[in-house]
Amino acid sequence: MIRWYTKLYQKNLIHLLNRLLLMSIEQELIQGIQKAFKEVYNTDTPAAPVIEQTKREFVGDYTFVVFPYLKLSKKKPEQTGNDIGEFLKKELAFVSGFNVIKGFLNIEIGDSFWVKFLNDNYALSDFGKSSAKNKKIMVEYSSPNTNKPLHLGHIRNNLLGYAVAEILAYNGYEVIKANLINDRGIHICKSMLAWMKFGNGETPQSSGMKGDHLVGKYYVEFDKAYKAEIDQLVSGGMEKEHAEQEAPLIKGAKELLLKWEQGDAETLRIWKMMNGWVYEGFELTYKRLGVNFDKFYYESNTYLLGKKAVQEGLQQGAFYQKEDGSIWIDLTADGLDHKLLQRSDGTSVYITQDIGTAQMKYDEYKMDRSVYVVGNEQDYHFKVLQLILKHLGKVYAYGVYHLSYGMVDLPSGKMKSREGTVVDADDLLDELHHTSEKITKELGKTEGFTQEQLSELYEQIGQGALKYFLLKVDPKKRLLFDPKESIDFQGNTGPFIQYTYARISSVMRSAPAYTVVPESHSLLSEEKELIYTLYRFNEAVELAGKEMSPAVMANYAYELVKAYNKLYHELTILKETDEQKRNLRLMLSAMTRNVVKTSLRLLGIAAPEKM
RNA sequence: GGUCUCGUAGCUCAAUUGGAUAGAGCAUCUGACUACGGAUCAGAAGGUUUGGGGUUCGAAUCCCUACGAGACCGCCA
């Protein structure tokens with residue numbers, strides 16, 4: 001018992017020390033370089049010398065570029081590199097050698113450092129996880145409208161939001177996942193009106209349709225009928241713009257919105273019922289995608305809140321009122337325009353609701369940062385929102401961050417729900433499930449799986465392909481999706497990473513007992529490369545968090561499995577007869593398995609043991 | 001009209017945030033399985049980083065300009 005505790009204690013201690021050490025290896029180099037300037041050249045030390053990883057085609061692990069510091073050394077680049085290299089080699093035990101090419105000082109780290117690193121960390125299932133930072137971040141994502149089902153663009157949003165939240169949590173932040181449901185407004189009234197007019201009481205039960213799809217069907221029907229009305233009015237001689245206002249359907253929808261705002265019982269009943277259908281549908285899709293939320297906000301609850309803030313701002317003099325009663329903010333000093341905050345009839349606009357919701361969120365959570373995962377079409381909106389909050393003197397304004405991601409476009413252009421030119425989320429997931437099933441069957445490696453396990457596996461791999469496909473791209477960039485070209489399962493893909501995980505798992509299942517190796521053990525290039533990649537996991541997690549970019553994580557995972565597969569192919573593991581070599585490779589396998597699993601988890605991708 | 005993104009191999013994406021000879025995957029071609037899992041590995045070919053100018057030791061990255069693509073600028077959400 002005592003031994004067990006001691007062991008556990010030691011393990012934790014080692015873990016802790018490691019984190020300190022990990023923090024400091026690059027910093028030790030930096031400090032060493034600063035010291036070198038002081039002692040060798042007797043000059044001021046450069047404030048923050050930059051250390052980078054050495055490119056593969058050169059010998060070495062870390063590179064210091066001396067060009068910017070020649071003013072300090074007053075020597076030629078080669079000479080400066082040599083001076084500092086010599087100093088570092090004497091000063092730091094883990095520096096085993098160096099070479100200088102032009103102005104690049106390539107520093108070599110000795111094998112013993114890498115072996116020790118592996119010995120200390122191979123068994124940690126939470127390697128790379130930061131200790132608590134005592135900071136709260138709210139990540140709002142998904143935030144759907146309740147008048148139509150989710151499409152591929154929403155999937156990108158959901159996956160991004162989820163992955164960013166997971167990555168931030170792994171970086172030590174306390175994360176609150178929030179979803180602001182856009183459940184009121186003219187859009188839902190359109191679906192409602194169409195259902196009332198053409199629906200004949202159809203329900204998800206009676207039609208067998210998923211609730212969100214049923215409501216979406218009426219949204220499309222509204223648009224069709226509305227366009228027909230416009231055409232008719234236009235052919236009767238009316239101007240198009242006028243017709244768009246005068247069509248009976250749009251008038252009806254506006255009337256419905258008014259009734260809703262006045263609290264008309266029948267309207268509210270239908271609204272609640274149809275929203276309920278949509279929620280049931282969303283629930284299924286969220287569950288299938290594996291995303292979740294800690295807090296739901298409903299716009300119907302928050303849309304009036306902003307008005308209070310608007311009154312505050314008016315009293316403070318941050319806003320001004322026009323004669324017709326409408327309220328505005330002047331943002332010309334910030335390089336923007338005047339912005340309406342409240343209509344002349346006293347009703348609130350979109351941005352007003354966001355002001356209210358921001359306050360509500362902060363009152364409840366007092367978070368340090370508030371991240372909004374919203375498409376880049378709303379860049380302007382969020383710029384304005386943050387400015388307004390600043391003008392109102394809200395401290396939390398500075399924590400607002402718009403994680404702006406690019407739209408998912410089709411070869412034909414933008415997806416439009418109303419026109420039905422969308423890649424439906426549920427359809428796409430089904431399709432990938434089937435593709436995955438087909439490929440898996442062709443490869444025929446799933447002996448002993450039950451029907452249920454097979455179905456789960458197909459789903460995991462299909463989603464692995466989709467999620468990786470969407471997440472490996474820098475969030476900021478727009479994404480092109482061609483429905484005619486199926487998502488790959490080979491190469492730089494989710495299934496490739498999943499495959500490597502399954503492959504390592506297979507090795508480990510038949511692995512003999514193994515243990516750490518002496519630090520004097522020397523490494524082959526494949527081994528060294530893999531350890532080096534594993535070592536960089538911390539950096540990848542940190543950068544992914546800092547940039548809020550799951551793409552960093554995805555690309556790291558790909559590099560890692562590539563390094564492992566290379567080693568796997570070039571060297572034997574289980575059949576290796578030299579015990580120390582076998583032990584080292586088993587440690588490498590174990591650690592790679594852990595890190596791949598964590599990387600996938602941070603991306604929301606499942607890691608199957610067999611596939 | 002104004003503002004803001006973006007433009008890298010045929011296609012989809014990287015490039016340690018200003019560093020070395022711009023890297024991967026797909027597609028094409030060539031090679032490696034009586035196997036520790038071939039959804040793999042090795043190799044070939046593919047580039048004036050949209051064009052032009054500038055900044056400096058050094059530019060895909062920063063500045064200017066032209067062209068091209070997209071988004072936003074509503075008392076819509």
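Every chain is numbered from 1 and lettered A, B, ... according to where its sequence line falls, protein lines coming before strand lines. Every heavy atom of this structure was used, including side-chain atoms; hydrogens, water molecules and symmetry mates were not.
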> Is the NZ or CZ atom of A/Arg56 both under 6.0 Å from the centre of the six-membered ring of A/Phe58 and within 45° of that ring's axis?
Replying inline: no
> Does A/Lys322 make a cation-pi contact with A/Trp328 (under 6.0 Å, within 45 degrees of the axis)?
Replying inline: yes
Atom pair distance, as rounded to whole Å: [atom1] in [X] and [atom2] in [N]:
{"X": "A/Lys610", "N": "B/rC36", "atom1": "NZ", "atom2": "P", "answer": "18 Å"}
{"X": "A/Glu570", "N": "B/rG38", "atom1": "CD", "atom2": "C1'", "answer": "15 Å"}
{"X": "A/Asn565", "N": "B/rA42", "atom1": "CG", "atom2": "P", "answer": "9 Å"}
{"X": "A/Lys476", "N": "B/rU17", "atom1": "NZ", "atom2": "P", "answer": "14 Å"}
{"X": "A/Leu336", "N": "B/rC72", "atom1": "CG", "atom2": "P", "answer": "16 Å"}
{"X": "A/Lys251", "N": "B/rC76", "atom1": "NZ", "atom2": "C1'", "answer": "19 Å"}
{"X": "A/Leu443", "N": "B/rG37", "atom1": "CG", "atom2": "P", "answer": "15 Å"}
{"X": "A/Tyr468", "N": "B/rA14", "atom1": "OH", "atom2": "P", "answer": "10 Å"}

When you compare the ring of [X] with the six-membered ring of [N]'s base, are the centres less than 5.5 Å apart and the planes under 30° from each other?
{"X": "A/Phe58", "N": "B/rA20", "answer": "yes"}
{"X": "A/Phe104", "N": "B/rA20", "answer": "yes"}
{"X": "A/Tyr499", "N": "B/rG37", "answer": "no"}

>> From the set B/rC75, B/rC36, B/rG19, return the single nucleotide nearest to any side-chain atom of A/Lys575.
In response: B/rC36
Tell me whether the side-chain N/O atoms of [X] come closer than 4.0 Å to OP1 or OP2 in [N].
{"X": "A/Lys566", "N": "B/rA42", "result": "yes"}
{"X": "A/Arg509", "N": "B/rC36", "result": "no"}
{"X": "A/Lys546", "N": "B/rU16", "result": "no"}
{"X": "A/Arg478", "N": "B/rU12", "result": "no"}

> Which of these, A/Asp488, A/Asn492, A/Thr493, sits in a side chain to side chain donor-acceptor pair (under 3.5 Å) with A/Tyr468?
Replying inline: A/Asn492
> Please walk me through it: do A/Asn99 and A/Ile101 pass side chain to side chain contact (heavy atoms under 4.5 Å, CB included)?
Replying inline: CA-CA 7 Å; A/Asn99 63 83; A/Ile101 301 169; 3.9 Å; yes
>> Taking the ring centre of each residue, are A/Trp271 and A/Tyr298 less than 6.0 Å apart?
In response: no
> When only distance counts, do a donor and an acceptor, one from the side chain of A/Asn555 and one from the base of B/rC13, lie under 3.5 Å apart?
Replying inline: no
> Ignoring hydrogens and angles, does a donor from either the side chain of A/Thr572 or the base of B/rC36 sit under 3.5 Å from an acceptor on the other?
Replying inline: no
> With a 4.5 Å limit on heavy-atom distance, are the side chains of A/Ile487 and A/Leu432 in contact?
Replying inline: yes
>> Which nucleotide, if any, forms a Watson-Crick or G-U wobble pair with B/rG23, using both distances under 3.5 Å?
In response: B/rC13
> Pick the nucleotide of RNA chain B nearest each of A/Leu105 and A/Asn182; which residue has the one closer to the 5' end?
Replying inline: A/Leu105
> Mapping A/Ile186 and A/Lys477 to their closest nucleotides on RNA chain B, which lands nearer the 5' end?
Replying inline: A/Lys477
